[in-house]
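One structure below.
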Amino acid sequence: MSRTWKPDVVVIGAGPAGLGAALAAREAGLREVVLVERDFELGGILPQCIHDGFGSIVFEQVLTGPEYAQRFIERVERSGIEVLLDTMVLELRPDRRVVAVNSRDGVLEMEPGAVVLAMGCRERTRHQVLIPGFRPAGVICAGAAQREINIEGLMPGHRVVILGSGDIGLIMARRFTLEGAEVEGVYEIMDYPGGLTRNLVQCLHDFQIPLHLSHTVTFIHGRKRVEAVTVARVDGNRKPVPGTERLVECDTLVLSVGLIPENELSKKAGVALHPVTGGPVVDELMETSVEGIFACGNVVSVFDLVDYVTFTAQVAGRGAAEFVGGRRRHRGEVPVKPGRNVRFVVPQRLRCLDREVELYFRVERPEKSVQVRVLVDGKPVSSKKARMVRPPEMVRASIPAEALSGQVREVVVEVVPDEKEA
Amino acid sequence: MRRKHEFICINCPLSCTVELFEEDGEVLEVRGNECAVGEKYAVTEFRDPRRRVTTTVRVRGGVLPVVPVATASPVPKRLVREVVRVLASVELEAPVEMGQVVMPDVLGTGVDVIATRPLPSARKGRG
Ligand SMILES: Cc1cc2nc3c(=O)[nH]c(=O)nc-3n(C[C@H](O)[C@H](O)[C@H](O)COP(=O)(O)OP(=O)(O)OC[C@H]3O[C@@H](n4cnc5c(N)ncnc54)[C@H](O)[C@@H]3O)c2cc1C
């Protein structure tokens, strides 16, 4: 089939980001909203996240991943959004032309009024963390293992070592254990755990699975199948300390060493990516550097809470509707900069400057008794106290609309010691 | 005999290590917590720790071979493994409805195990 279709907006990816953006665009009045997903069903990563811990902010209720997804899927099914499943977007051009393919329609070309990028992220692999050894079967990323167990009903291994203490690794330590495998331990190169305390307690402590901080895997043994790994302690520069090596027998090494925003399509469209987040540079409408191309969710930055993904999706969907309706106006360009103990902030710049803006950021290092402050041209415009901030947990702050009404040069987000308490 | 138990509070990033002292099951003292939430957490974790159990069960004739399930509410922590074990022998027939009771009153806890997503039959689904 060959037709050029001109919908109002094309949303690429149907995880919580894509579902939320499509719904918001539709609710903001766009008639033809197309949601494109390469998988056979909606939901993105959520159908495989069968544990609970989703939605405490959006729904004020703790749901499992599938339950969270289902609430949006049901709304999408009733909304008149055009859903294309089993459909992969192959190319996005700077003029927003979208080329997709599926086995029903063949190649589909679309020229939408706006595009929303919602492709999520992919897992960092062994290749990207450089562990020497052979290339045996039995080395698997945590999310892939999660998919095998929870979606395919398969068991990837029986004696498991987990490298990395991010939330997915912790969740999988529990999942493997409940399915009857033995998890020998979780090894973390940093001197603090990568995941939430909730997961440390409920996934490791509840099952007496040891967590080895300042440790890494230095060698993978086995030619056909993993037979063992060598683990070692690391020094302050994350280099293995000679003499601390230990051989651990196992048939599976699970890698939970981070996620990378999935931006192959964005790059080809000329979308500027941020060096720290790995995702598109966005403004307060989640619009990227390319006019009419918006982005939300994990493709922008790895959000640990699905609730925040949903919030950015709503902003992007409404932004796309404003753009298509010709109502989106830029009044200037103001950078949002990371200040003291802040690694990055999303969005990275403001251009509309006519509304309240939610900012999401991560700290560089754990810190106790702090104030989170937003400064507009040096003047604090919002501040809140936090008893503790930690790199694994994203922090939210906001700028009131009034603070942006005059001539503004820059916004800075900083974390400072809370003097009153100290 | 006076005994000490340690709990890490999961309610905020501070992650206080809370010490609870008890004698014959009676809580004598709680310390190390920075706020009241931490005390309440430690006492609950000592007296009646509960977890919501999530796992999968086999499905015949569905678009996928397994469906995720969960206890409708938290069950005593000591039963978590046992709940997963009894569910391992369950096999459902597709289609499965969201919220469908997979096992009522699991292990006599009064809590039902329910499906946490709908799972259509293979014919209607993947096509
Ligand atoms: C293992 C794990 C555990 C988690 N646990 C929690 C938790 O307990 N609590 C919590 O709040 N959050 C949790 N999260 C985080 C949360 O699930 C994610 O932040 C959220 O799912 C990200 O949503 P997304 O829509 O951006 O991406 P995804 O859910 O990854 O969706 C992206 C979608 O885009 C599709 N796609 C990509 N490229 C294309 C293309 N070219 N064409 C068509 N489709 C495409 C993909 O197939 C996918 O469906 C967890 C995440 C993981 C991975």
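Only a predicted model underlies this, so the values are computations on that prediction, with no experimental measurement involved. Chain A is the first sequence line, chain B the second, and so forth, proteins listed ahead of strands; every chain is numbered from 1.
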### Query
With under 30° as parallel and over 60° as perpendicular, where do the rings of A:Tyr360 and A:Phe303 fit, or are they tilted in between?
perpendicular
### Message
Is the ring pair B:His5/B:Phe46 parallel, tilted or perpendicular, if the boundaries are 30 and 60 degrees?
### Response
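Rings of B:His5 and B:Phe46: tilted, 30 to 60°.
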### Task
Measure the shortest side-chain to side-chain distance between A:Ile168 and A:Leu170 over non-hydrogen atoms and say whether it is less than 4.5 angstrom.
no
### Message
Less than 3.5 Å apart, any donor N or O on the side chain of A:Glu182 or A:His158 sitting next to an acceptor on the other?
### Response
no
### Query
B:Arg85 versus chain A, heavy atoms under 4.5 Å apart: side chain, backbone, both or neither?
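Nothing of B:Arg85, per the 4.5 Å heavy-atom cut-off to chain A.
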### Task
Please determine if A:Arg198 and A:Asp52 form a salt bridge, counting it only when a charged side-chain N lies under 4.0 Å from a carboxylate O.
yes
### Query
Thinking salt bridges, do A:Asp86 and A:Arg38 make one under a 4.0 Å N-O criterion?
no
Among the options [options], pick out the one with the most heavy-atom pairs lying under 4.5 Å from chain A.
options: B:Arg117, B:Arg52, B:Glu34; answer: B:Arg52
options: B:Val67, B:Val80, B:Val66; answer: B:Val66
options: B:Thr54, B:Ile8, B:Asn11; answer: B:Thr54

Using non-hydrogen atoms only, which part of [X] is less than 4.5 Å away from chain B: side chain, backbone, both, or neither?
X: A:Ile149; result: backbone
X: A:Arg174; result: neither
X: A:Glu393; result: side chain
X: A:Glu179; result: side chain

#### Entry: Pair A:Phe59 and A:Phe54, ring centroids less than 6.0 Å apart
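Aromatic pair excluded; centres sit 6.0 Å or further apart.
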### Message
Quick check for you: among A:Asp206, A:Leu154, A:Thr64, A:Leu196, which has the greatest number of heavy-atom pairs under 4.5 Å with chain B?
### Response
A:Asp206
